[in-house]
Amino acid sequence: MKVAPTIVFLYKDQDGFATAVADALHPLPNSSICTLKESFELSLDHYNIKDSKASGDLIHFLDNNNNNNNHNLQVTLVLLNSYDPPILACAVHEVLSQIINGAVSGMPAIIALFLVASSKLKCDSKALTSNNIKDPLYVLHTGPETAIHSAITAKTKRPPPSMQIYDEPLACFLQLARNLKSPITILIGQRYQSTSNKEDLQVLCEIGDVLASSTSLCFFSDKVTWNPSKNSKDSSEPWRALYG
């Protein structure tokens with residue numbers, strides 16, 4: 001999997017968060033950056049999974065002014081399709097492995113974006129949300145520090161050390177990221193699932209703005225098309241025990 005030095009990982013949840021973010025990300029006006037889209041499909045045979053593959057889409061941002069084909073990739077969006085456990089962990093692990101091995105320039109910097117139900121982020125068994133204070137975007141980081149991580153950290157907040165994650169894809173990704181040596185920044189927003197979705201859309205746009213400003217891209221909030229479900233039932237998520 002040939003990818004840029006900067007990777008944006010997006011998990012295609014049922015509400016379309018990944019697609020909404022990807023569709024609103026564009027090169028800066030008057031820049032020499034263009035986009036190239038392709039799909040990927042990775043075997044999971046070595047996980048003893050024969051009837052499913054890790055698949056999704058890649059969106060590359062390339063510099064047309066760079067004549068070196070090996071180094072004109074600037075940013076790659078990796079949109080992984082949705083999976084249920086235990087295939088989820090295998091698919092995420094395989095994609096991360098392919099990203100690290102396929103970067104065109106040394107160790108890639110990976111930015112993972114997640115928008116999760118506020119009820120699935122807790123501190124001391126209580127929700128992190130506040131009734132009268134706007135909740136921040138949270139950031140987690142593994143591996144070496146990078147300029148991109150520093151830029152994102154300046155616009156976000158680290159969660160309390162006792163934060164507990166009850167969202168399956170996020171918990172899975174974080175556990176796998178901790179076992180890798182590559183610099184990985186995880187940006188987390190919270191969904192409130194109000195009847196109008198106005199607050200949730202605002203959080204999505206904030207995530208997009210932070211990402212764009214840290215990767216020299218442009219996020220057009222007026223181009224966001226997103227119709228998430230208004231209600232989401234919390235599941236028992238029995239596979240969460242695998243991630244600690």
Side-chain angles (χ1 to χ4, degrees), residues 1 3-11 13 17-18 21-22 25 61 73-80 88-89 91-118 120-124 128-129 134-191 203-217 219 240 242-244:
M1 183 188 290
V3 293
T6 300
I7 313 295
V8 179
F9 177 92
L10 290 155
Y11 180 73
D13 63 11
F17 166 69
V21 171
L25 275 174
F61 291 83
L73 288 171
Q74 304 299 307
V75 179
T76 296
L77 307 187
V78 179
L79 287 75
L80 177 65
L88 170 65
V92 173
H93 183 271
E94 183 62 22
V95 168
L96 287 176
S97 298
Q98 292 290 331
I99 286 173
I100 293 171
N101 293 330
V104 298
S105 177
M107 188 71 73
I110 302 172
I111 308 166
L113 309 181
F114 288 92
L115 182 58
V116 304
S118 58
K120 294 190 176 183
L121 296 179
K122 301 190 178 198
C123 183
D124 298 325
L128 286 175
T129 57
K134 181 179 177 296
D135 293 294
L137 298 180
Y138 288 115
V139 65
L140 296 169
H141 182 73
T142 65
E145 296 286 332
T146 64
I148 287 178
H149 168 67
S150 299
I152 292 176
T153 300
K155 301 179 179 68
T156 55
K157 180 179 179 181
R158 291 193 63 84
S162 58
M163 183 180 74
Q164 301 159 322
I165 299 171
Y166 292 86
D167 179 80
E168 191 77 46
L170 174 55
C172 171
F173 187 93
L174 177 59
Q175 182 63 27
L176 292 171
R178 284 171 172 163
N179 294 325
L180 298 173
K181 296 181 180 180
S182 184
I184 300 177
T185 301
I186 305 174
L187 184 58
I188 307 168
Q190 298 181 68
R191 279 194 61 194
V203 175
L204 184 152
C205 291
E206 289 176 1
I207 292 174
D209 287 338
V210 170
L211 173 66
S213 64
S214 304
T215 55
S216 299
L217 296 175
F219 185 81
R240 194 177 71 85
L242 291 175
Y243 316 128

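The structure displayed is predicted, hence computed values, not measured ones. All heavy atoms count here, side chains included; hydrogens, waters and symmetry mates do not.
How far OG of Ser182 is from CD1 of Ile99: 8.5 Å, rounded to the nearest 0.5 Å. Separation of atoms CD1 (Ile186) and CZ (Phe9) is listed at 10.0 Å; rounding is to 0.5 Å. Here the NZ-CD distance, from Lys120 to Glu168, works out to 8.5 Å after rounding to the nearest 0.5 Å. Interatomic distance, Asn101 CG to Met1 CE, rounded to the nearest 0.5 Å: 10.5 Å. Separating the CG atom in Leu174 from the CG atom in Leu170 is a distance of 6.5 Å, to the nearest 0.5 Å. Atom CG in Leu115 sits 6.5 Å away from atom CZ in Arg191 (nearest 0.5 Å).
Side chain of Ser216 to backbone of Ala212: no donor-acceptor contact under 3.5 angstrom is found. Side chain of Asp167 to main chain of Ala171: no donor-acceptor pair is present (N/O by atom type, distance under 3.5 Å, no hydrogens or angles).
Take Thr215 and apply the side-chain hydrogen bond (donor to acceptor under 3.5 Å, both in side chains) test, not counting sequence neighbours, and it matches no residue. For Phe114, the ring pair (Phe, Tyr, Trp, His ring centres under 6.0 Å) test picks out Phe173, with sequence neighbours left out. Applying the side chain to side chain contact (heavy atoms under 4.5 Å, CB included) rule to Glu94 yields the partners Leu42, Leu44, His46, Tyr47, Gln98; only residues at least two apart in sequence or on another chain are considered. In this view, Ser97 and His93 satisfy the side chain to side chain contact (heavy atoms under 4.5 Å, CB included) rule, not counting sequence neighbours. The side chain to side chain contact (heavy atoms under 4.5 Å, CB included) search around Pro160 returns Cys123, Leu128, Tyr138, Ser162, Met163, not counting sequence neighbours.
Minimum heavy-atom separation, Pro169 to Tyr11: CG-CE2, 3.5 Å. Across Gln74 and Pro5, no two heavy atoms sit closer than the pair O-CD, 4.1 Å. Between Ala177 and Ile184, the closest heavy-atom pair is CB-CD1, 3.7 Å. Across all non-hydrogen atoms, the minimal contact from Thr142 to Arg178 is CG2-CG, 3.9 Å. Considering every non-hydrogen atom in both Ala22 and Leu79, the closest pair reads CB-CD2, 4.0 Å. When every heavy atom of Ala89 is checked against every heavy atom of Leu176, the shortest pair comes out as O-CD1, 3.6 Å.
Contact of the Leu77 side chain with the Phe61 side chain is registered, since non-hydrogen atoms from C-beta on lie closer than 4.5 Å. The side-chain heavy atoms of Met107 and Pro183, taken from C-beta on, include a pair separated by under 4.5 Å. A 4.5 Å side-chain heavy-atom check between Tyr166 and Leu121 finds every atom pair outside the cut-off.
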Which is it for Val3 and Leu73 under the side-chain contact (heavy atoms from CB on, under 4.5 Å) test, yes or no, and what are the steps along the way? CA-CA 7 Å; Val3 293; Leu73 288 171; 5.8 Å; no
Determine whether Val78 and Thr76 satisfy the following criterion, side-chain contact (heavy atoms from CB on, under 4.5 Å), listing intermediate values before the conclusion. CA-CA 6 Å; Val78 179; Thr76 296; 4.1 Å; yes
Run the numbers on Thr185 and Val139 for side-chain contact (heavy atoms from CB on, under 4.5 Å), then give the verdict. CA-CA 7 Å; Thr185 301; Val139 65; 3.4 Å; yes
Please evaluate residues Thr153 and His141 with respect to the criterion side-chain contact (heavy atoms from CB on, under 4.5 Å), reporting the C-alpha separation (whole Å), side-chain torsions for both, the decisive distance (0.1 Å), and the verdict. CA-CA 9 Å; Thr153 300; His141 182 73; over 6 Å; no
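Ile188 pairs in a side-chain contact (heavy atoms from CB on, under 4.5 Å) with only one of the listed residues (Thr156, Leu140, Ile207, Leu137), which is Leu140.
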